[in-house]
Student: 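One structure coming up, written as C-alpha cells, with questions to follow.
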Amino acid sequence: MKYLILCFLLLFAAVAGAQELVTYRDSVNRFSVGIPAGWRIIKNIKQPSIKLMALAVPADSTQKATGNFNINVIAEPSANPDTIIKKLLSYTSLNPYFRILDSGSIVQQRKRMIWLDEVHKNTHATDTVFASLYVSWADGKAYILTATAPVQMAAQYKDLFHQIGSTFKTGKAIKHERLKIILPGNKPWNKIMDSEADNLSTRQYLPPGETIDHWTMLLHEMTMENARINDINLAIQNFSNAAAGQSPQAKITILGKENIPGRRWALFKIETPEFPGGKAPESQLFYVIQGKQSFHAAFIAKHEKTLSPAFVKTWGELLRKGRIVEE
C-alpha cells in the first residue's frame with residue numbers, strides 16, 4: 001500500500017505547489033496551522049508542551065535552517081490572550097535585549113488572538129533574533145505560536161510569519177472535508193489507521209475479525225487537504241504509473257468518469273496478477289473525486305489476480321454512494 005500513498009503525495013507535488021501553505025492539523029491538541037511548502041516538521045522530545053516544530057529546509061544541505069516556528073500548548077484554566085501576553089512579557093522584560101516592534105490582534109473562529117513582532121538575544125548567544133508571536137486561548141489552554149529568524153532576515157520572513165499566524169486556529173471547532181463511505185455488514189469494520197501528516201489524511205478499515213496480517217479485503221481512504229486538480233485523468237494516470245512501477249503485469253480498466261467543473265470523479269480498477277519476487281497478487285477498485293476544498297481517493301483491495309464482475313458492481317455502487325461531508 002505504501003507506493004499508492006506515495007503516488008497520492010506525488011500527484012499533488014506540482015498541483016499543490018502553487019499553494020504557499022499546506023494545512024497541518026493536530027486533532028489531539030486541537031489546532032491547525034499552515035506550513036510553507038517544503039518546510040520540514042521535526043519532533044521535540046525535550047519540551048512536552050511543544051506540539052509542533054517546523055523549519056525551512058535550506059537549499060544547501062550544509063547550511064543551517066533560518067526560518068522556523070513552533071507551537072506551545074500550555075494548561076491555563078483561567079486565562080485569556082491578554083493575561084497570557086502579560087505573563088509572557090513579564091518573563092521577557094528580564095532580557096535587556098528584548099524590544100517590541102509592533103503588535104495587534106485578529107479574530108479567528110470568533111476567538112481573539114494577539115500578535116506581536118519583537119527582537120531579542122537569547123542568553124549565551126551572540127545572534128539577535130526577530131520573532132513573531134501569536135497567542136490564543138481555548139478549552140482551558142494557552143496556544144502560543146512563535147516564529148523566528150535571524151534579525152538580518154526579518155524583511156524576508158515577516159510577511160510569511162504573519163501569513164502563517166493568520167492560519168492558526170485552535171479549539172474544538174476544527175472541521176475538515178471527508179469522503180464518507182457506508183460500509184456493508186451488520187458489524188462495524190475495524191479502523192486500523194487514522195492519521196494526519198502535513199495535509200494528507202489517511203484511514204484504513206478491515207472487515208470484522210480480520211487483521212492487517214491476514215485480510216481478505218482492505219479499504220483505504222485518503223484526503224489531500226486544500227488541494228484541487230483540474231483534470232481527473234491526472235489522478236488516474238498517477239495511480240496507474242505507480243502500479244506499473246511495482247509490476248509490469250498491472251492492468252488498469254476505467255469503469256466510469258466525469259471531468260467537468262463541479263463533477264470530477266473516476267471509478268477504475270487496477271488488477272495485478274503477480275509481482276516480482278513472488279509477492280501475492282493484489283487488485284484494487286478505485287474511486288477518486290474532487291471535493292469543494294480537498295481531493296479524495298478511496299480503494300478497496302483484495303488478494304486476487306482479478307476482480308469479479310459481482311465484486312466490482314457491489315463495491316462500485318458503495319464507493320459511488322460515498323458523500324463528501326464536514327466533520
Side-chain angles (χ1 to χ4, degrees), residues 1 4-5 7-19 21-27 30-34 109 167 169 171-185 188-206 217-240 254-270 284-301 312-327:
M1 300 295 171
L4 292 171
I5 299 173
C7 83
F8 196 62
L9 288 166
L10 293 175
L11 170 63
F12 290 96
V15 176
Q19 299 177 2
L21 302 179
V22 292
T23 300
Y24 176 94
R25 180 176 288 105
D26 186 329
S27 300
R30 293 176 174 172
F31 70 81
S32 64
V33 69
Q109 293 183 325
T167 69
K169 298 177 183 178
K172 298 178 180 178
I174 299 176
K175 294 186 177 181
H176 35 214
E177 189 180 277
R178 291 289 179 264
L179 175 62
K180 194 173 187 66
I181 297 170
I182 304 301
L183 298 173
W189 283 40
N190 300 319
K191 183 188 288 188
I192 61 171
M193 176 188 290
D194 188 353
S195 65
E196 296 184 24
D198 294 337
N199 60 331
L200 176 65
S201 169
T202 60
R203 299 163 300 284
Q204 284 185 348
Y205 301 86
L206 289 175
M217 291 188 292
L218 185 150
L219 178 68
H220 197 113
E221 299 174 349
M222 294 176 280
T223 298
M224 185 63 74
E225 307 276 1
N226 301 313
R228 179 173 296 278
I229 67 169
N230 296 318
D231 186 353
I232 203 67
N233 293 303
L234 179 62
I236 299 172
Q237 188 62 49
N238 205 66
F239 281 110
S240 302
I254 299 175
L255 305 168
K257 69 176 180 178
E258 287 186 282
N259 198 24
I260 59 177
R263 293 211 306 268
R264 297 195 192 279
W265 64 269
L267 182 72
F268 57 96
K269 62 180 180 177
I270 299 178
Q284 302 101 11
L285 180 64
F286 279 83
Y287 178 54
V288 295
I289 183 170
Q290 176 66 56
K292 290 182 179 180
Q293 297 179 345
S294 303
F295 188 82
H296 309 270
F299 66 84
I300 182 74
V312 170
K313 182 178 186 301
T314 298
W315 275 96
E317 291 176 353
L318 286 171
L319 294 175
R320 285 285 291 125
K321 288 180 180 177
R323 292 291 176 263
I324 295 176
V325 299
E326 292 281 339
E327 59 181 24

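All residue numbers in this chain count up from 1 along the given sequence.
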Student: Does any non-hydrogen side-chain atom of Gln293 lie less than 4.5 Å from one of Glu326?
Tutor: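 Of all side-chain heavy-atom pairs linking Gln293 with Glu326, at least one is under 4.5 Å.
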
Student: Specify the closest pair of heavy atoms between Ala297 and Phe239, including all atoms of both residues, with the distance to one decimal.
Tutor: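 Heavy atoms only, the tightest pair is CB-CZ, 4.2 Å.
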
Student: I need the single residue from Ile229, Ile324, Ile232 that forms a side-chain contact (heavy atoms from CB on, under 4.5 Å) with Gln290. Which is it?
Tutor: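 That would be Ile229; it is the only one of Ile229, Ile324, Ile232 passing the side-chain contact (heavy atoms from CB on, under 4.5 Å) with Gln290.
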
Student: Counting N and O atoms only, with roles assigned by atom type, does the side chain of Gln284 sit under 3.5 Å from a partner on the main chain of Phe299, one being a donor and the other an acceptor?
Tutor: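 Such a contact is absent between Gln284 side chain and Phe299 backbone.
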
Student: So how far is it from Gln204 CD to Asn190 CG, rounded to the nearest 0.5 Å?
Tutor: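 CG of Asn190 is found 12.5 Å from CD of Gln204.
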
Student: Within a strict 4.5 Å, meaning less than it, do heavy atoms of the Tyr205 and Pro188 side chains meet?
Tutor: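 With C-beta onward as the side chain, the pair stays apart.
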
Student: Treating Arg323 as the side-chain partner and Lys321 as the backbone partner, does any N or O pair qualify as donor plus acceptor under 3.5 Å?
Tutor: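 Pair found, side chain donor or acceptor close to backbone of Lys321.
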
Student: Taking all non-hydrogen atoms of both residues into account, name the closest pair between Ala235 and Phe295 and its distance.
Tutor: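 What the structure gives for the nearest pair is CB-CZ, 3.8 Å.
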
Student: Taking the side chain as every heavy atom from C-beta outward, state whether Leu179 and Leu319 have any atom pair closer than 4.5 Å.
Tutor: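 Not touching, per the 4.5 Å side-chain cut-off.
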
Student: Measuring only between side-chain heavy atoms, which start at C-beta, is Ile300 closer than 4.5 Å to Leu318?
Tutor: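 No - every pair of side-chain heavy atoms lies 4.5 Å or more apart.
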
Student: Once you measure the plane-to-plane angle for Phe286 and Phe268, does it fall in the parallel (<30°), tilted (30-60°) or perpendicular (>60°) bin?
Tutor: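 Taking Phe268 first and then Phe286, their aromatic rings lie parallel (interplane angle under 30°).
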
Student: Indicate yes or no: does Lys313 engage Glu317 in a salt bridge with an N to O separation below 4.0 Å.
Tutor: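 Here Lys313 pairs with Glu317 in a salt bridge, since their nearest N and O are under 4.0 Å apart.
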
Student: Work out which heavy atom in Leu267 is nearest to a heavy atom in Gly316; give both atom names and the distance.
Tutor: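 Scanning both residues, the minimum pair turns out to be CD2-CA, 4.0 Å.
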
Student: Taking the side chain as C-beta and beyond, is there a heavy-atom pair between Tyr24 and Asp26 under 4.5 Å?
Tutor: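 Yes, at least one pair of side-chain atoms sits under 4.5 Å.
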
Student: What residues form a side chain to side chain contact (heavy atoms under 4.5 Å, CB included) with Asn233, not counting sequence neighbours?
Tutor: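 Here the qualifying residues are Asp231, Ile236, Lys257, Asn259.
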
Student: Checking side-chain contact (heavy atoms from CB on, under 4.5 Å) against Glu221, which of Arg178, His296, Arg203 comes through?
Tutor: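 Only one option passes, and that is Arg203.
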
Student: Looking only at non-hydrogen atoms, find the nearest pair between Met193 and Thr202 and report the distance.
Tutor: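 Closest heavy-atom pair between Met193 and Thr202: SD-OG1, 3.4 Å.
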
Student: Quick check: closest heavy atoms across Ser201 and Glu225, and the distance to 0.1 Å?
Tutor: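 Of all heavy-atom pairs spanning Ser201 and Glu225, the closest is CB-OE2, 4.3 Å.
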
Student: Can you find a pair of side-chain heavy atoms, one from Arg320 and one from Trp265, that are under 4.5 Å apart?
Tutor: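 Counting from C-beta outward, Arg320 and Trp265 do come under 4.5 Å.
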
